[in-house]
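Atoms within a ligand are numbered from 1 in the order they appear, just like the ligands themselves. This chain uses plain numbering: 1 for the first residue, then up along the sequence.
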Amino acid sequence: MSQNRSYKFCFGPWNISEGQDPYGPTTRPPQSFDWKLAKLKKLGFDAMMFHDDDAVPDIDAKSAAQVRKETRELKKKLSDAGVAAEMVAPRLWFDPRTIDGGYTSNDPKCRRYAIERSLRCIDVANQLGTDLIVLWFAREGSYIREAKNARRCVDQLVTALDRMLAHDKTIRLSIEPKPNEPMDHAYIPTIGHALAIAQLTRDPKRVGCLIESAHAILAGLDPADEIDFAMSFGKLWSLHLNDQNGLKFDQDKPFGSANLRVAFNQVRALERNGYGRHGEYVCFDVHPFRTTKPAHWLAHLSNSRRTFLKLVKKSRTYPEKQAQALIADRDYAALDQLVIEHLLGK
Ligand code: XLS
Ligand code: MG
């Protein structure tokens, strides 16, 4: 990879969150969108990612004309700030009609709602100037497996994907797999599943994927391997870097916070595959700790970007020749130590 290739960075308004968790209320007062947008540029980020109702709050309650008007206003704000819209994701996990899933709900009226909301999301994305829709199948799963027929759910997911692909001939769908949470088990839990279901759609070349570090770890996988696998298909169109300390609730920790070596190997995978050369962004889907004071509110984002850039340097100064010699000699113990000492620095 060229040694001076640079990356573009992104986060979403939800990444500047107020500290609520399932066991306690917010610990920071809500910040305005304008405040978050102003901070994004100051932190050296280039784009913002959106849920559809980040772009147009209460989107379901608004007419198509009102959605267009508010999206136009948002687009102007972003253009004036020199910030791109990276993607738009339909938030199909809040509304009561998605309580049992959206596309795979057992209720056909709810499945219809989820698809129609996704088509409106595509219209918002077009107006914001992005051709990327991210689909995190939050509630496409079950609390008990007998509640749904997994074979039928595959067909229902393909039906939804096909409706979106037919709605707009240029839109690209980036599936963000996650094995569980909020569901007990979710459908499409890994990149392999995402790339496989893409092949069942009417236009597989427009269905790709997004890797989130924590989601791969929750599936017991190495996010770097998931990156290499997705890149071998040319279908890694977005990325949510963060970290996760073991198999528990999705922690959305700052990048490198739990496992620096796993973070290093993700950066090496991005480097060797040339991620970003087609305009892809590095997004940090991270949250501040609940204990974070408002004065330190942005640290998780600036720290993640700083760690990422330091690991890019570590990747580009990796003692490749020494490493190859140890590999040739199958001396992996020495290789292990070489990596550790490279990361520790002299
Ligand atoms: C949740 C997901 C979510 C998507 C965007 O775990 O990571 O943040 O990335 O809705
Ligand atoms: Mg995410």
Side-chain angles (χ1 to χ4, degrees), residues 9-18 20-22 36 45 47-57 59 85-95 98 101-103 114 117-118 120-122 124-125 128 130 132-141 160 164 172-191 193-194 208-219 221 223 226-227 230 236-255 257-258 263 266 280-288 300-301 304 308:
F9 297 100
C10 167
F11 65 78
W14 67 89
N15 297 120
I16 302 183
S17 48
E18 289 88 35
Q20 65 279 23
D21 67 20
K36 295 178 179 182
F45 284 71
M48 192 177 260
M49 53 183 175
F50 294 91
H51 296 114
D52 51 0
D53 57 5
D54 292 323
V56 180
I59 190 167
E86 191 250 351
M87 65 85 175
V88 188
R91 191 199 302 265
L92 296 176
W93 51 92
F94 273 16
D95 190 279
T98 61
Y103 309 131
R117 173 139 177 187
S118 305
R120 297 182 85 188
C121 177
I122 290 171
V124 170
L128 290 179
T130 176
L132 197 60
I133 297 294
V134 163
L135 299 171
W136 166 46
F137 294 143
R139 299 196 187 279
E140 310 307 345
M164 289 180 246
R172 293 181 298 143
L173 308 177
S174 203
I175 296 171
E176 177 182 353
K178 184 177 182 181
N180 62 302
E181 198 199 54
M183 304 319 287
D184 174 54
H185 273 305
Y187 298 120
I188 316 300
T190 72
I191 286 300
H193 291 83
C209 61
L210 175 160
I211 286 166
E212 174 152 330
S213 316
H215 298 180
I217 293 165
L218 285 171
L221 301 173
E226 295 285 89
I227 289 170
L236 184 61
W237 296 338
S238 185
L239 193 58
H240 286 180
L241 293 182
N242 53 20
D243 212 344
Q244 175 73 23
N245 185 15
L247 302 181
K248 59 183 76 130
F249 61 93
D250 186 356
Q251 295 178 297
D252 288 336
K253 289 167 82 78
F255 184 56
S257 169
Q266 289 174 78
E280 301 89 352
Y281 288 87
V282 171
C283 311
F284 295 113
D285 196 357
V286 292
H287 283 273
H300 62 304
L301 290 161
S304 295
F308 179 86

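Side-chain atoms of Ser213 and Gln244 form no donor-acceptor pair, as typed in the model, at a separation below 3.5 Å. Judged by distance alone, the side chains of Asp285 and Asn242 never bring a donor and an acceptor atom under 3.5 Å apart. Under the 3.5 Å distance criterion, with hydrogens and angles disregarded, no donor-acceptor pair is assigned to the side chains of Thr190 and Glu226.
Taking the Mg ion (ligand 2) as reference, the nearest N/O/S atom within Asp285 carries the name OD2. The name of the N, O or S atom in Glu176 nearest to the Mg ion (ligand 2) is OE2. Within His240, the N/O/S atom positioned nearest the Mg ion (ligand 2) carries the name ND1. Restricting Glu212 to its N, O or S atoms, the one at the least distance from the Mg ion (ligand 2) is OE1.
Ligand 1 is never approached by Phe50 to a heavy-atom distance shorter than 4.0 Å. Glu181 does not count as a contact of ligand 1, since none of its heavy atoms falls under 4.0 Å from the ligand.
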Discussion item. Does Glu86 form a side-chain hydrogen bond (donor to acceptor under 3.5 Å, both in side chains) with Ser238? I'd like the steps, not just the answer.
Written reply: CA-CA 9 Å; Glu86 191 250 351; Ser238 185; 2.6 Å; yes
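Using a 4.0 Å cut-off between charged nitrogen and carboxylate oxygen, Lys178 and Asp250 count as a salt-bridge pair. A salt bridge between Asp95 and Arg139 is absent, with no side-chain N of the basic residue lying under 4.0 Å from a carboxylate O of the acidic one. Taking the charged nitrogens against the carboxylate oxygens, Arg91 and Asp52 have no contact shorter than 4.0 Å, which rules out a salt bridge.
The distance from atom SG of Cys209 to atom CD1 of Ile191, rounded to the nearest 0.5 Å, is 3.5 Å.
Between Phe45 and Tyr281, the ring centre distance reaches or exceeds 6.0 Å. If you look at Trp136 and His51, their ring centroids are not closer than 6.0 Å.
For atom 8 (O) of ligand 1, the closest non-hydrogen atom on the protein side is Asp285 OD2, 2.7 Å. Scanning all protein heavy atoms for the shortest distance to atom 10 (O) of ligand 1 gives His51 NE2, 2.5 Å. Ranking the protein heavy atoms by distance from atom 2 (C) of ligand 1 puts Glu176 OE2, 3.5 Å first.
Shown in contact with Trp14 at under 4.0 Å from a heavy atom are these atoms of ligand 1, numbered in order with element: 8 (O). Atoms of ligand 1 found under 4.0 Å from any heavy atom of His240 (numbered from 1 in listed order, with element): 9 (O).
Between Trp136 and ligand 1, not a single N/O pair is under 3.5 Å apart. When only interatomic distances are considered, the shortest N/O to N/O separation between Trp93 and ligand 1 does not fall below 3.5 Å.
With a 4.0 Å cut-off on non-hydrogen atoms, Glu212 touches ligand 1 through its side chain and not its backbone. Proximity of Asp250 to ligand 1, defined as any heavy-atom pair under 4.0 Å, is confined to the side chain (atoms from C-beta onward).
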